[in-house]
Structure formats: structure tokens, C-alpha cells
Amino acid sequence: MKQSNDIQSSILEARTKYLLIQKISQINIRRYLMFQRKAVSHPPEITVSNHSIDSQFLQKKPLENPSIETSKTNLATVLLIDDQPFIGEAVRRILGTETDIAFNYISDPTQAIQRAIALSPTVILLDMLMPEVDGLMLLRWFRSHAATRDIPIMMLSNKEEAKLKARAFTDGANDYLIKLPDKVELIARIRYHSGAYNNFKALNQAAAKAQLQLQVIQTEKMSSLRRMVAGVAHEVNNPVNFIHGNLNHLHNHVESILNLIKLYQQEYPQPTPVIQEEAENISFDFIIEDLSKILSSMKLGTQRIRDIVKSLRNFSRLDEADKKLVSIDDGIESTLLILSPRLKSGIKMIKEYGDLPLIECYPAKLNQVFMNIISNAIDVLLDNPEKTEKKIIIKTIKTDDQKVNIIIQDNGCGINAEIKDKIFDPFFTTKSINQGTGLGLAISYQIIEKHQGKIEVKSEPGYGTEFIIEIPITLNNVR
């Protein structure tokens, strides 16, 4: 009770001093404060000059109490910026008994910026009017700097003016108080703003951690997939090349044998009964006619396998540099070839490729975007059995501003307006359990951002969905 009375007395005394100082000239401030040092029992560390005030003694650490544990989200770090030292002392006394509030004070506004960056406070109390640096100027600077732009700032003023308040809030203030505020109100507002800011930082850290985990999961997933694809492609490629290469020799050998048989038929037109009977049993004439067709089909089949292997290697891109010049159309074709078994389920694929130059990009990552979007389109169409004509349209267009557009459109059920803005959020999915992780479109959005482009979605329920990817032809090396 006695301590509370002392604080109230100090506040009343501080108010009286503040009103007196308003009427005293700058020359008499030093004498006035020197006189007050002798009249009160405070340590004489305060020194006053025309330019700065050394008030390090006003910096206060939280009171140590082993029986009280304060969580990081509840701890408030306050930085007061005010050119009047007795205001700092009065606020220090107000907050002196609060174990969850660490108080810091600086009287020189020219040092406030560096101090705020070094201290990282959870609340800033900023004087509205100071002789050397205007409080609103400091406020605008705090809001423009990445290290301080989100810190709650409470403006302190001795004027209750609506226009002044409006200006402060316009420049980014979170609160506005008249000096000196009531103890209960000041502490409550500090705790409110500090708690909100600490929660904001905790959410940002959690989101950043989740984002990092998402990237690690997807990177490992795609890295494993690319290694598997590249391994399979390599193992298949060797025997297929062996078969394909020997088919030419086999064709030549068969042609030589057939020519020899024809020569025998010309020289010996009357075969023996045994040879005649065997020729009829094996349908010799049909074999001669069909043999060349079989060899051509085998060669076509091995060529098809070689094309698939090439597409797999093109999709994985493990044997190439990350960033290089590639054909967007080839990347789309490689993706469609991998998805071709699913496209055979009654889905019509329409391709309208424009005359595009080679694009500087990260091919494997861009192919991943195509895979995610086209796979989703296939899922939507296959889950819509009442749709009689199912189709996916892919267009590539070169724009006039050295960019290309890749448009992937389906005629599925579309996306509802309430979830349209969420489709790029991590872990958001409309699929049932075990059918999707909600990572595909979130990762695709990041990949397109890495390519200094953008991805948009247009959709109307019942009329399908259209994804528009825009990327530059040449990547900016700054990023």
C-alpha cells in the first residue's frame, strides 16, 4: 500500500514538473534539474545537454524472482523514446514492480533508430513532439524498416487533438496516449500490444518452420522420384539400345536369307515333294510377306521405348545443369508421356503450341509444375463420371513483353469461390484422405515465383478451371 502511494506521488510530482518545464526556457532546464537532484533521493546520474541526455541508468531488467516463470510470449520489452528524463523516470516507476515487463529508455531521438534495431522491443513508447527529431518522422521510419515495421508503437502526447491522433494513426501508430497515462491503463495496453506482437512473431516462426519442412519434404520427394526415374531410364536405355541397334543387322541378315531363297526358287523351280509339303505346312509365302512387317514393328517399338526413356531423362534432368535453355513444349510432352496411361481413360488432350523460343529456366522444377496441374485436372475429370466429353487444353503463347504464357485448362466441375483463394496454401486439399497432401499447388506457386513469374487461376463452378502460368524468357541473375 505504501509502495502504491509512493508511485502515485511520483506520478503527481512528474505531472507538475512537466507543466513547469513547458514554461521554463531551455537555459533554465539545467538549473532546474540540478536543484531537483538535491531535493529528491534519486542517484545523480542524469546529465542534461543541449543535444543529448545520457540516461542509461533508466534501463531496467526484469525483477528476478525464481518462483515466477514468464513465457516468451508474455514477456514485454518496452522502449521509451522521450526527450524529458523525468518522463522516463516516471514510467520506470510505473513499470518497476511488473516482473513481465523489461523497461528501456532513451532520451536522444537521434540514437533511437539504432537502439530499437539492437534491442528488438515488443512495444515502443514514442514521444510525439521532440526538439531535434519529430516523433512522427521517427514513426514513419520505423514503419519503413524491415526490423521495426511490425513492432507496436504507442504515441505519447500532451495534446488531445483529433487531427493529431488521425495523423499518428495514418503514419502507422498502434495506439495514442496522453502523458502521463494512468498506471493500470498503461500496463494493460503494453501487455496487450506486446502479447499480440509476440503471438504474431510466434505464428511467423511457426509458418516459416512449416514452410521449411514443406520444402524439405517436397525436395526429398522430388529428388527421390528423379533419382528413381533416372535410374529406371538408365537401366532400360542400355538393353533397348542394344536391341534397337541389332535390329538393323537382323533386318539385313533376313533380307539376305530371303534373297537366297528366292534365288533357289529361280534356279530350282520344281522342289522335291518333302520341301513342297513343309512349305505348305509353315505357310512359307505368308512368313516371307510378314517377316519384314514384324521387323518394322519391332524397330518402331524399340524407338518408342527410346522416346519414353528420353522423356524420363528429360523429366528428371539429373544429368543437366539446374538452370539452362530448354523447350517448354518438350517439357510438357515429357510430362504428358508419363501421364499417358491415365489420359487413356476417355480424356481428350488438345495441344496448341505457339512458336516459342528456348526458355531459361529450371527444367526439372518447371516439369514438376506441369505434372502437378495436369494431374489435378485428370483427377477432377476422372472423378466426374457424368461428364460425357472430358478434355484438357494446353496452350503456349509468347507475349510482347519477353514472356511466355502456359495455359492449362480443363472442363471439369470447377472450383468454388470460397476455396479458390486457398488452393495455393500449403496442405490445403479437397481430396479425400490418402489421396493428396495439399503440397502440389503450394510448391508449384513457389517454383513459379523462383522463375520470377506468376501463376493465376480462373474458375467457374460447372465450367472448368484454367491455370495461367507466366514466366520470363530470360531469368534475372539478381535473384
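Computed from a prediction, not measured in an experiment: that's the story for all the values here.
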Using only atom types and a distance under 3.5 Å, with no angle test, would you say the side chain of Ser459 pairs donor to acceptor with the backbone of Ile415? yes
Can a salt bridge be assigned to the pair Arg191 and Glu98 using a cut-off of 4.0 Å between side-chain N and carboxylate O? yes
Determine whether more than 12 heavy atoms belonging to other residues, nucleotides or ligands lie under 6.0 Å from atom NZ of Lys398. yes
Is there a side-chain contact between Ile350 and Ile392 in this structure, where contact means two heavy atoms from C-beta onward sitting under 4.5 Å apart? no
Could you please spell out the steps behind the side chain to side chain contact (heavy atoms under 4.5 Å, CB included) verdict for Lys351 and Leu336? CA-CA 11 Å; Lys351 294 175 285 186; Leu336 293 177; 3.6 Å; yes
Check: Asn198/Thr122 side-chain N/O donor and acceptor closer than 3.5 Å: no
Could you go through Glu449 and Lys454, starting from their C-alpha distance and side-chain angles, then the distance that decides it, and tell me whether this counts as salt bridge (Lys or Arg N to Asp or Glu O under 4.0 Å)? CA-CA 6 Å; Glu449 277 195 331; Lys454 61 182 180 180; over 6 Å; no
So do the side chains of Ser375 and Leu339 get within less than 4.5 Å of each other, counting heavy atoms only? yes
Could you tell me which non-hydrogen atom of Ala112 sits nearest to which non-hydrogen atom of Leu138, and how far apart they are? CB-CD1, 4.1 Å
Examine the side chains of Asp108 and Thr110 and answer whether a donor and an acceptor come within less than 3.5 Å of each other. yes
Which heavy-atom pair separates Asn174 from Pro152 by the least distance, and what is that distance? OD1-CA, 3.2 Å
Heavy-atom pair of closest approach, residues Cys361 and Leu366: SG-CD2, 3.9 Å
Within the distance-only criterion (no hydrogens, no angle test), does the side chain of Asn259 pair as donor or acceptor with the backbone N or O of Glu255 below 3.5 angstrom? yes
Non-hydrogen atoms of Tyr353 and Thr396 that approach each other most closely: CA-OG1, 3.2 Å
Kindly compute the distance separating CZ (Phe286) from CG (Leu291), expressed to the nearest 0.5 Å. 10.5 Å
Nearest heavy-atom approach of Asn384 to Gly412 is ND2-C, 4.4 Å
Value for CG (Leu119) from CD (Gln114), rounded to nearest 0.5 Å, stands at 13.0 Å
Met128 and Tyr176, any side-chain heavy atoms less than 4.5 Å apart: yes
Please assess Thr399 against Val404 for the test side chain to side chain contact (heavy atoms under 4.5 Å, CB included), listing each intermediate value before the final yes or no. CA-CA 6 Å; Thr399 62; Val404 296; over 6 Å; no
Quick one: OG1 on Thr474 to CD on Gln452, what's the gap to the nearest 0.5 Å? 10.0 Å
Among Ile455, Ile328, Ile407, side chain to side chain contact (heavy atoms under 4.5 Å, CB included) partner for Ile469: Ile455
Can you confirm whether more than 12 heavy atoms, excluding those of Asp355, are under 6.0 Å from its CG atom? no
Is there a donor-acceptor contact under 3.5 Å from the side chain of Asn372 to the main chain of Gln368? yes
If you count heavy atoms of other groups shown closer than 6.0 angstrom to NZ of Lys201, is the number above 12? yes
With distance as the sole test, does His145 use its side chain to make a donor-acceptor pair with the main-chain N or O of Ala147 at under 3.5 Å? yes
Could you please spell out the steps behind the side chain to side chain contact (heavy atoms under 4.5 Å, CB included) verdict for Phe242 and Thr302? CA-CA 10 Å; Phe242 173 78; Thr302 54; over 6 Å; no
Side chain to side chain contact (heavy atoms under 4.5 Å, CB included), paired with Ile106, selected from Asp83, Leu80, Leu79, Asp82: Leu79
Looking only at atom types and distance, does a side-chain atom of Asn411 sit under 3.5 Å from a main-chain N or O of Glu389, one as donor and one as acceptor? yes
For Tyr362, does the six-membered ring have the charged nitrogen or CZ of Lys450 within the cation-pi criterion, i.e. under 6.0 angstrom from the centroid and within 45° of the normal? yes
Calculate, to the nearest 0.5 Å, the distance between atoms CG and CG belonging to Leu177 and Leu126 respectively. 12.0 Å
Derivation and outcome, side chain to side chain contact (heavy atoms under 4.5 Å, CB included), residues Ile394 and Met349: CA-CA 8 Å; Ile394 300 178; Met349 179 61 63; 3.9 Å; yes
Is Ile468 close to Val457 at the side-chain level, that is, under 4.5 Å between some pair of heavy atoms? no
If you define the side chain from C-beta out and look only at heavy atoms, does anything of Asn104 sit under 4.5 Å from Val78? no
To the nearest 0.5 Å, tell me how far Gln402 CD sits from Ile473 CD1. 4.5 Å
Has Thr335 got a side-chain atom pairing as donor or acceptor with Gly331's backbone, closer than 3.5 angstrom? yes
Quick one: pull up CD1 in Ile332 and NZ in Lys395 and give me the separation to the nearest 0.5 Å. 13.0 Å
Carefully, step by step, assess Glu185 and Arg189 under the rule salt bridge (Lys or Arg N to Asp or Glu O under 4.0 Å). CA-CA 6 Å; Glu185 181 182 7; Arg189 295 197 185 204; 2.6 Å; yes
In the structure I gave you, are the side-chain heavy atoms of Lys299 and Asn248 within less than 4.5 Å of one another anywhere? yes
Is Ile87 close to Asp127 at the side-chain level, that is, under 4.5 Å between some pair of heavy atoms? no
Please find the pair of heavy atoms, one from Arg143 and one from Gly172, that lie closest to each other, and give the distance. NE-O, 2.8 Å
So, does Glu360 use its side chain to make a donor-acceptor pair with the main chain of Leu475 at under 3.5 Å? yes
Do other residues, nucleotides or ligands put more than 12 heavy atoms under 6.0 Å from Phe169 CZ? yes
Student check: side-chain heavy atoms of Lys391 and Asp410 closer than 4.5 Å: no
